[in-house]
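In what follows, chains are A, B, ... by sequence order, proteins preceding strands, each numbered from 1.
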There are 2 protein chains.
Amino acid sequence: MNDNRQMTMKDIARELGVSVATVSRALSDSPSISRKRRQEIQQFAREHNYFPNVIAEQLRHSRRNPSRAIGVIVPELVHYYFSSILDGIESEASSRGYHLIVAKSNESYEREVQICEEMLKNKVCGIIVSQAKDTERYDHFERLEAAGVPLVFYDRICPALNASRVVVDDYMGTMNAVSHLIDTGCKRIAFFGTTMSMIIGKNRFNGYRDALYKHGLTLDESLVRICDNRADAERITPAMMRMETPPDAFFAVNDDTAIGILSVVKRLGYTVPDEVSICGFTNGFRATVCDPMLTTVEQRGTEVGKEAADILIGLVEGTLPAVHAEKRIVKTRLVIRGTTRHP
Amino acid sequence: MNDNRQMTMKDIARELGVSVATVSRALSDSPSISRKRRQEIQQFAREHNYFPNVIAEQLRHSRRNPSRAIGVIVPELVHYYFSSILDGIESEASSRGYHLIVAKSNESYEREVQICEEMLKNKVCGIIVSQAKDTERYDHFERLEAAGVPLVFYDRICPALNASRVVVDDYMGTMNAVSHLIDTGCKRIAFFGTTMSMIIGKNRFNGYRDALYKHGLTLDESLVRICDNRADAERITPAMMRMETPPDAFFAVNDDTAIGILSVVKRLGYTVPDEVSICGFTNGFRATVCDPMLTTVEQRGTEVGKEAADILIGLVEGTLPAVHAEKRIVKTRLVIRGTTRHP
DNA sequence: ACCGATTACGCAAACGATTGCATTTATTTA
DNA sequence: TAAATAAATGCAATCGTTTGCGTAATCGGT
């Protein structure tokens, strides 16, 4: 049995023969308590290492002050981009006096709902979330808003809700990357992306298409595939390279896919980047490990996380109006390495 | 201004003309309230989506029940191994009804102390921690123990404290890996490790040394270096390959270092694994990206995290005696890929 | 030495929920 | 029908802090 008994103000008051109110005031350095008493009480507290009970404090203030706990929902944790975002959220939050309650949805709608309930119970002051892949109903999010808990989305945005959000500039990121491929002499550029039902999928595709148009190239549907992981890439790429006129470049929606392409292309005997150029999207751990190193669009997860936390805290503290949904776009940066030619 | 006013039992009581006590009992389905009233109250609560205030609940029960928040301190977040561990902790904790408060120490002692204070204030029921690299005083940890908050270490263990811990089997992991190198014909095996002041550094070195001895090889000090990152590896490896009799294999303390070695060795024109074999430690994202893919010791971070959470929850719930420090060792697994020959 | 103004402190009611005990009301028994 | 028993509800204290308001103590001024 833990004798978990912590020292309380009541104990101090009893020991020193004063009232609890006096102790409270003395500890908060209120001038309405004489300097002598204040110091006496403060010293006693220090010596007996008194620790204020945050639970009680919070209860007392629940009407006015929100808690300083931010709920963060992540689809997965072992994931470069999500880790970076979490890192950014942590940095921003902790430097502004907030702490994080982190939960992983495992890409499951059920779990996401459950987490929202839990967090509501635990009185987070707001929630930062990237939806699970199989989330298609949004009542759990709406319930949060109804309960007055502000919501900020990142990466995977809820299209049906006009909530605050921060995303990466998928359109321009892709546009720049594809333009770079074209500038370095590529003419037939394949696009491996996600389904158009995901916003990021659509935006990246549009960037690809518009880059082609801008440079007077035409879009060849047979070069566009839904493929967002390495295994699929390794399955799909060989067929594509057997086309009568195979692509001379690939743009992939993430580094993992790009690396799948790279490994196949190398195995088939093509030289990278001279015969085939490849560009990814993320700039994670993998990008500098493959040979040659991957040219890729840096997704700047840390920035995304910081912006998300900044919005949420603004919402909580009232510096940002709760009515208007704040939408921020983090600029990407093209990192040119060995899988593309230099301009 | 948020009218953050949530519905309380008092509201329900007033609306329905009963006492708060009745509402409380009805909501907890106590048989001492008539079935009719119970249902009436429960329905009213549901319709007005009443939500119990956990803060108040906790305050009331603070004497008996610990909170269900587990504090997790991580040196960094954008890190494969730590992410995996966090993932394991999350899975175990959430499945047992606990949630996580996560903070990053950034490898700073100051910050670590600060986080401990914060977590103590926020009434976590226990803390799972891997020390910051520059932590050399342990009074903040001792203060936690004194406050009755159980502590579990993972990965970077505090040597001065006899606290519960879970680590990976560094000794056997390295021993097996080096044995594998020897079995596949390597005779001069270099060791790139961390300083011996870190426990994991020492254990891995011992595994290396004993594997050599067991197979009748002698330890050549000139093949042992302190090097635990890619940049250093790329600096150190060329010199080593210029020795009169250069190594025919490298064991590196992590994948990152191993990949640094690999890139240098390939650049110098050696074939891997035939002329030079390489083995890492982690089995993270990078391991399957390099060419050839990396043979490495799988560190099983998820397991480590699960075990850590299991210990902590045991300590909190009293299934594990608080007096005895529980020490668990997670077995590693050698993953043989392309940077070593097959047996 | 007395009065008004400070100064220093205590009382008690919150915050929202729980729970032992007392009390009311309904039901059974003699 | 009265008394005894059982069922249903209310009262009030409690968890640890905070804070408006009241009051006792101290002080300066005349």
*In whole Å, what is the span from the NZ atom of B:Lys10 to the C1' atom of C:dA14?*
8 Å
*Shortest non-hydrogen separation from B:Gly126 to B:Val149 and the atoms involved*: CA-CG1, 3.6 Å
_If the condition is ring-ring contact (aromatic ring centres under 6.0 Å, His included), which residues does B:His61 pass it with, not counting sequence neighbours?_
none
*Any idea which of D:dG16, C:dC15, C:dG10 is nearest the A:Val18 side chain?*
C:dG10
*Atom pair distance, as rounded to whole Å: CZ in B:Arg60 and C1' in C:dT18*: 4 Å
*asked:* For a quick test of reading the model: is some side-chain N or O of B:His61 closer than 4.0 Å to OP1 or OP2 of C:dT19?
replied: yes
_Atom-to-atom span, CG of A:Asp11 to P of D:dT17 - whole angstrom_ = 9 Å
*Whole angstrom is fine here: how far is it from CG in B:Leu16 over to P in D:dT9?*
11 Å
*Check the distance between C:dA17's P and B:Met7's CE and give it to me in whole angstrom.*
11 Å
*Are the side chain of B:Glu76 and the backbone N or O of B:Asn106 linked by a donor-acceptor pair below 3.5 Å?*
no
*asked:* Can you work out whether B:Arg37 or A:Pro52 has the more 5'-proximal nearest nucleotide on DNA chain D?
replied: B:Arg37
*Contact nearer the 5' end of DNA chain D, comparing A:Ala56 with B:Ser32*: B:Ser32
*In terms of side-chain heavy atoms, does A:Ser62 have a donor or acceptor partner in A:Lys123 at a distance below 3.5 Å?*
no
*For the side chain to side chain donor-acceptor pair (under 3.5 Å) test, which of A:Glu110, A:His140, A:Glu112 pairs with A:Thr135?*
A:Glu112
*Does A:Ser19 put a side-chain nitrogen or oxygen below 4.0 Å from OP1 or OP2 of C:dG10?*
yes
*Rounded to whole angstroms, how far apart are CD on A:Glu57 and C1' on D:dC15?*
14 Å
*Check whether the side chain of A:Arg25 and the base of C:dG10 form a donor-acceptor pair under 3.5 Å.*
yes
*asked:* Less than 4.0 angstrom from a charged side-chain N to a carboxylate O is my criterion; do B:Glu40 and B:Arg37 meet it?
replied: yes
*Within this structure, what is the CE-to-P distance between B:Met9 and C:dA14, rounded to whole angstrom?*
19 Å
*Counting any heavy atom closer than 4.0 Å, what does B:Ser34 reach on the DNA or RNA strands: base, sugar-phosphate only, or nothing?*
sugar-phosphate
*So A:Tyr81 and A:His79, would you call those rings parallel, tilted or perpendicular, with 30° and 60° as cut-offs?*
tilted
*Roughly how far, to the nearest 0.5 Å, is the CG atom of A:Leu315 from the CG atom of A:Leu312?*
6.5 Å
_Heavy-atom closest contact (B:Arg156 atom, B:Gln131 atom, distance)_ = NH1-O, 2.6 Å
*Can you check each nucleotide of nucleotides 22-27 of chain C against protein heavy atoms at under 4.0 Å and return B for base, S for sugar-phosphate only, - for none, in 5' to 3' order?*
------
*A:Asn53 side chain: which of D:dT17, C:dC9, C:dA12 is closest?*
D:dT17
*Could you tell me the separation between the CD1 atom of B:Ile12 and the P atom of C:dA17, rounded to a whole number of Å?*
8 Å
*Across the strands shown, which category fits B:Val23 at heavy-atom distances under 4.0 angstrom: base, sugar-phosphate, nothing?*
nothing
*Is there a side-chain polar atom (N or O) of B:Ser24 under 4.0 Å from OP1 or OP2 of C:dT18?*
yes
*Would you say A:His99 and B:Met119 make side-chain contact, with heavy atoms under 4.5 Å?*
no
_Angle between the end axes of the helix from C:dA1-D:dT30 to C:dA30-D:dT1, five pairs per end, to the nearest 10 degrees?_
60°
